[in-house]
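Structure, as structure tokens:
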Amino acid sequence: MAEIKDSGNRREFKSGAVRDMADGKGRCDLLPLEQVSALLDYNTVIYNIYQYQQTSDTDYIADAIKDFCLMRGWTVPHAILQLAIHFKDGARKYNEWNWAKGTGIPENSYIDSAVRHLLKYLDGMTDEPHDRAVIWNLICLWWTHENITE
């Protein structure tokens, strides 16, 4: 499996947390996700992310994760094991607990990244572990919503 890509450029948030720069990646969090979901034959992962954006109900994040697991052919325990690998790789790239530092990373950053990795996964791209990145961004979005006040 491919490693997490690293451009070497970092975007630092007020909290001190860092992520790889988004230059040239677009802003998937600004897409009209209800319509994008329809274009993708009502992809339930994207639709649940859209519902979360509309309601702030974290049940939609949980449903998006479970729906992605079904789409990917993973059981939830297998997805969690894959998630642990992604956390390990991320800790090597950014340091442990970078994602939860201070006031955290803004929710829109997680949505942007989750949708982008989902689209790359659906497009068949294998340049990095897009499937694990979808789950990672969604679980961090959920945690951030429940633990960090934006």
Side-chain angles (χ1 to χ4, degrees), residues 1-13 15-33 36-53 58-102 104-148:
M1 167 130 344
E3 296 279 325
I4 298 173
K5 278 187 171 181
D6 190 348
S7 71
N9 297 320
R10 299 282 189 265
R11 168 175 46 154
E12 186 169 341
F13 298 94
S15 65
V18 295
R19 291 198 80 167
D20 204 50
M21 288 294 275
D23 289 344
K25 295 181 179 181
R27 286 281 308 273
C28 292
D29 59 309
L30 298 177
L31 292 169
L33 294 182
V36 170
S37 172
L39 286 172
L40 295 170
D41 296 324
Y42 294 96
N43 181 286
T44 57
V45 178
I46 291 179
Y47 190 74
N48 279 314
I49 296 169
Y50 161 74
Q51 289 288 8
Y52 170 73
Q53 285 180 313
T58 57
D59 287 346
Y60 288 113
I61 300 171
D63 288 345
I65 293 169
K66 291 174 191 173
D67 288 347
F68 183 77
C69 289
L70 284 174
M71 177 195 319
R72 180 65 179 87
W74 285 350
T75 63
V76 173
H78 182 78
I80 294 168
L81 292 169
Q82 292 299 309
L83 182 62
I85 293 168
H86 208 74
F87 271 100
K88 175 188 64 82
D89 292 349
R92 186 171 53 237
K93 179 178 174 181
Y94 297 114
N95 294 321
E96 291 182 8
W97 295 98
N98 167 72
W99 61 275
K101 196 180 260 186
I105 294 170
E107 288 188 13
N108 71 304
S109 180
Y110 290 120
I111 292 170
D112 174 34
S113 189
V115 172
R116 183 176 48 260
H117 283 290
L118 177 60
L119 293 171
K120 288 181 175 190
Y121 170 78
L122 292 172
D123 199 34
M125 297 178 79
T126 58
D127 56 320
E128 64 180 310
H130 297 293
D131 47 5
R132 291 188 337 215
V134 171
I135 301 290
W136 184 88
N137 279 282
L138 291 173
I139 203 85
C140 289
L141 170 63
W142 188 358
W143 185 91
T144 297
H145 178 88
E146 292 185 349
N147 293 280
I148 304 291

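In this text the structure is predicted, and so the values were computed from the model without any measurement. Only heavy atoms go into these numbers, but all of them, side chains included; no hydrogens, no water, no symmetry mates. Along the sequence shown, residues carry numbers from 1.
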Where the side chain of [X] meets the backbone of [Y], is there a donor-acceptor pair that is under 3.5 Å apart?
X: D123; Y: M125; value: no
X: N48; Y: T44; value: yes
X: T58; Y: I61; value: no
X: N43; Y: S37; value: no

Taking side chain as C-beta onward, heavy atoms only, is [X] less than 4.5 Å from [Y]?
X: D63; Y: Y52; answer: no
X: I135; Y: W74; answer: yes
X: R27; Y: N108; answer: yes
X: R116; Y: N137; answer: no
X: L119; Y: L40; answer: yes
X: I49; Y: L141; answer: no

| message | Can you confirm whether or not the ring centre of W99 sits under 6.0 Å from the ring centre of Y110? | response | no

Considering all heavy atoms, the nearest [X]-[Y] contact:
X: A64; Y: L138; answer: CB-CD1, 4.0 Å
X: H86; Y: A133; answer: NE2-CA, 3.7 Å
X: I105; Y: T144; answer: O-CG2, 3.7 Å
X: R72; Y: D131; answer: NE-OD2, 2.7 Å

| field | Residue from W136, W143, W142 passing side chain to side chain contact (heavy atoms under 4.5 Å, CB included) with C140 | value | W136

Could you grab the distance from atom [atom1] of [X] to atom [atom2] of [Y], nearest 0.5 Å is fine?
X: I111; Y: S113; atom1: CD1; atom2: OG; answer: 11.0 Å
X: L122; Y: M71; atom1: CG; atom2: CE; answer: 5.5 Å
X: T75; Y: L70; atom1: OG1; atom2: CG; answer: 10.0 Å
X: Y94; Y: F87; atom1: OH; atom2: CZ; answer: 13.0 Å

| message | Ring-plane angle category for H130 and H117, please: parallel below 30°, perpendicular beyond 60°, tilted otherwise. | response | tilted

| request: May I ask you to decide whether D89 forms a salt bridge with R92, counting only side-chain N to carboxylate O separations under 4.0 Å? | output: yes

